[in-house]
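Presented below is the structure to which this report refers.
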Amino acid sequence: MTIILDVPGGSMASRPAHFIWMLDCSGSMGVNGKIGELNFAIREAIPEMQQAAQSNPAASLLVRAISFASGASWHIQEPTPVDRFTWDDVHTYGATDMGAAFRMAAAALQTPPMPQRALPPVLALVSDGQPTDDWRSGLRAIDDTPWGKRAVRVAVAIGDDADKSMLKEFLGNPELEPLLAKNPRQLAAAIRWMSTAVVKEASAPKIEDATPANVSPVVPLTKDETDIW
Amino acid sequence: MANGMLLAGQTLITESGDRVTVAELFGSGGQGEVYRVRTPYGDRAVKWYYPQLADARQRQILEGLIHHNWNDDRFLWPQTVVMDPDATYPGFGYLMDVRPQRYHDLPALFRRDASVAATTLRTLVAAALHTVEAYFTLHSKGIAYRDINWGNIFFDPATGDVLVCDNDNAVVEGEAAAVAGTMDFMAPELVRGDKGARPGIQTDLHSLAVLLFLLLMNHHPLDGAQALQIRCMDEAAKRRMYGTHPLFIYDPADPANRPVPGEHPTVIATWGALPKILRDLFVKTFTQGLGTPSARVRESQWRDALSRVLDAITVCVSCGRQNMTQPEGPAPDCWKCGTTVQLPPKLEVVTGRGALRTRRGIRLDPKARVYAHHLVDDPERHDFTAVVGEMTEHPQQRGRFGLTNRTTRDWTVRRDDGTVQEVGPGRTVALRPGLLLEFGGGTEAEVHA
């Protein structure tokens with residue numbers, strides 16, 4: 001809650017930071033309760049996402065979500081201030097039309113509806129399978145928008161069937177890899193990282209000493225992760 | 001439930017062999033997660049590094065910091081390394097005290113959050129002063145902090161006390177550490193990645209100045225009209241704004257980056273209420289100091305200026321708001337109601353026995369206090385609990401104020417008619433212009449209208 005303090009000046013000027021979830025709701029996400037794990041992980045991460053957003057008063061984090069399966073649709077269409085953000089479960093409904101989701105995101109990344117000035121948007125993609133539509137043209141549509149081109153992109157591959165090379169192409173940076181989530185704990189860690197570290201990095205970049213530019217974010221390992229898989 | 005890398009109930013072991021139990025996750029940052037832990041000597045906090053960052057270099061830095069064995073209540077200093085005794089959790093962390101609840105984060109202040117509603121101009125300036133003194137102490141020991149930013153200083157809105165956290169990037173000047181800094185706070189030469197530029201005490205001074213500007217102005221010193229031309233504030237844009245083309249928003253020689261009315265109302269208001277003595281320091285450090293690290297304003301300069309401004313804070317009689325005033329300067333218009341502030345009489349305190357004497361002017365508004373640091377030449381730190389004297393109202397005559405002796409020693413008062421009187425502990429002396437007060441030890445004070 002913002003109040004008037006007994007000191008000169010109001011609150012700090014801030015820029016909007018748009019965060020868009022793109023979530024795979026294909027039939028296979030219904031197998032072994034993966035969709036349930038995803039809903040749980042996102043819901044769990046909301047308080048930490050709110051905390052991460054609060055740590056940067058120069059950014060106003062706005063969150064929305066696209067689900068894709070047979071076609072794509074806005075699960076949450078209104079860019080929602082993170083402190084008011086709540087999660088309604090996504091449900092599975094067919095194929096893996098990721099290209100449709102990309103085109104939907106691309107339309108949202110035009111100016112307007114994007115404002116004249118903002119922080120780099122974050123595109124967070126979660127998928128467990130192979131796209132079933134023309135995802136390449138969808139990805140090009142994102143790249144063709146000024147905001148899409150500058151977006152910070154992160155991706156989680158759920159399980160072994162996810163198309164990791166495609167996800168890598170989405171990331172658009174040869175140094176970045178999609179996160180791999182093979183169990184609920186890893187999925188929760190990946191979603192939490194996207195909701196916190198990525199949000200912070202996009203709005204207030206930290207720089208490591210040895211590498212002055214292009215720091216790739218650090219992914220926390222989970223304790224039961226082994227070096228062999 | 002811990003819900004992080006460590007599990008609630010799990011046991012860790014300190015270097016001295018004490019067993020500590022993980023209780024809950026406090027939060028996560030760029031380098032690791034912080035947990036509350038139970039120890040034989042009460043609750044403490046553990047920062048546990050992400051495995052990729054728990055390397056030999058970080059371990060060495062940590063050992064060095066712990067070796068300093070620093071017991072200063074303004075820092076949450078690493079106390080001992082902790083590890084998993086069964087080695088199933090790779091890596092390590094360190095033990096520190098838990099941050100007391102009275103300390104709030106600076107972003108809450110910048111958002112003007114209700115949790116910091118107790119903040120006043122006095123506590124705000126005091127917080128700036130304490131921040132400067134904390135880093136001064138660190139630097140005077142040859143330690144560079146290297147990642148001064150709004151996330152690692154906490155403050156008490158009621159008193160202005162500060163607590164410096166995340167000290168695990170601090171290293172002895174010249175040594176390497178993992179982090180070069182947070183871009184918005186980094187010295188331009190580091191943002192540009194100039195050859196030979198290293199994070200250290202001299203670059204800390206830039207970060208400190210940015211932090212002070214944010215504290216007092218609630219705005220970034222380089223974020224003006226030029227930033228409005230940037231649509232997407234991404235890393236490349238920040239590199240330009242903070243590295244290759246930094247321009248102070250109030251650079252007297254170049255108005256190209258001035259704040260824009262309607263877009264930057266906060267900084268226009270806060271800069272308008274800032275006394276010249278502080279404006280001058282910001283101008284120096286963000287003009288000459290941007291390109292010439294040796295021209296950056298030093299902590300002792302900030303300390304002296306902030307201390308003088310603190311002594312010159314005056315309450316507007318018309319609306320009751322605290323105002324910063326220029327020491328020795330004319331009365332400003334109140335930032336809140338616009339009425340010209342009525343300057344109360346001033347107590348000029350002179351310390352030091354030799355030829356060089358330090359003069360400090362304390363505005364005697366009804367809540368003014370004289371502190372122990374006023375009575376010494378070069379105080380090591382400002383302690384606002386060490387009250388020596390305070391303004392009090394006459395118990396029978398409303399509106400009649402005097403200075404009450406809160407020490408255990410007599411003061412001596414000399415009037416201009418030549419009469420001398422003792423003011424014992426607990427007694428109050430009415431403050432007439434021309435009155436001379438001897439505090440002892442060569443420190444004396446005179447009241448000026």
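Lettering of chains follows the sequences in order, A, B, ..., and the numbering in each one begins at 1.
Not counting sequence neighbours, His219(B) has no partner by the side-chain hydrogen bond (donor to acceptor under 3.5 Å, both in side chains) test. Every residue meeting the side-chain hydrogen bond (donor to acceptor under 3.5 Å, both in side chains) condition with Glu263(B), not counting sequence neighbours, appears here in chain and number order: Arg117(A).
Atom OG of Ser60(A) and atom CZ of Arg111(B) lie 10.5 Å apart (nearest 0.5 Å). In this structure, CG in Asp6(A) is found 12.0 Å from CG in Leu124(B), a value given to the nearest 0.5 Å. How far CE of Met12(A) is from NE2 of His264(B): 11.5 Å, rounded to the nearest 0.5 Å. Separating the CG atom in Leu109(B) from the CG atom in Leu5(A) is a distance of 6.5 Å, to the nearest 0.5 Å.
Although no hydrogens or angles enter the test, the distance criterion places a donor-acceptor pair under 3.5 Å between the side chain of Arg15(A) and the main chain of Arg231(B). Formation of a donor-acceptor pair under 3.5 Å by the Thr266(B) side chain with backbone atoms of Ser11(A) is found in this model. Formation of a donor-acceptor pair under 3.5 Å by the Arg150(A) side chain with backbone atoms of Asp234(B) is not found in this model.
Pairing each heavy atom of Pro107(B) with each of Pro57(A), the nearest pair is CB-CD, 3.7 Å. Between Ser55(A) and Trp150(B), the closest heavy-atom pair is O-NE1, 3.4 Å. Pairing each heavy atom of Val7(A) with each of Leu121(B), the nearest pair is CG1-N, 3.5 Å. Nearest heavy atom pair, residue Cys232(B) against residue Leu119(A), reads SG-C, 4.3 Å.
The 12-atom threshold is not exceeded at CZ of Phe40(A), counting heavy atoms of other residues, nucleotides or ligands nearer than 6.0 Å. Within a 6.0 Å sphere centred on CZ of Arg64(A), other residues, nucleotides and ligands contribute more than 12 heavy atoms. The environment of NZ in Lys149(A) is crowded: more than 12 heavy-atom neighbours from other residues, nucleotides or ligands sit within 6.0 Å. For Asn32(A), the CG atom is loosely surrounded, since the number of other residues' heavy atoms within 6.0 Å does not exceed 12.
For Ser203(A), the part lying near chain B is the backbone, with the side chain staying farther off; criterion is any non-hydrogen pair under 4.5 Å. Contacts between Ile268(B) and chain A at a heavy-atom distance below 4.5 Å are absent for every atom of the residue. With a 4.5 Å cut-off on non-hydrogen atoms, Gln116(A) touches chain B through its backbone and its side chain both. For Asn149(B), the part sitting under 4.5 Å from any heavy atom of chain A is the side chain, from C-beta outward, and nothing else. Ala273(B) touches chain A through its side chain: at least one heavy atom from C-beta onward sits under 4.5 Å away, while N, CA, C and O do not. In this structure, the portions of Ala58(A) lying under 4.5 Å from any heavy atom of chain B include both its backbone and its side chain. With a threshold of 4.5 angstrom between heavy atoms, Met186(B) approaches chain A through side-chain atoms but not through N, CA, C or O. Looking at Asn218(B), the atoms closer than 4.5 Å to chain A (heavy atoms on both sides) sit in the backbone and in the side chain alike.
Heavy-atom pairs under 4.5 Å with chain B peak, among Asn56(A), Val152(A), Thr196(A), at Asn56(A). Between chain A and the options Gly151(B), Ala108(B), Ala269(B), Ala117(B), the largest number of non-hydrogen pairs under 4.5 Å is found for Ala117(B).
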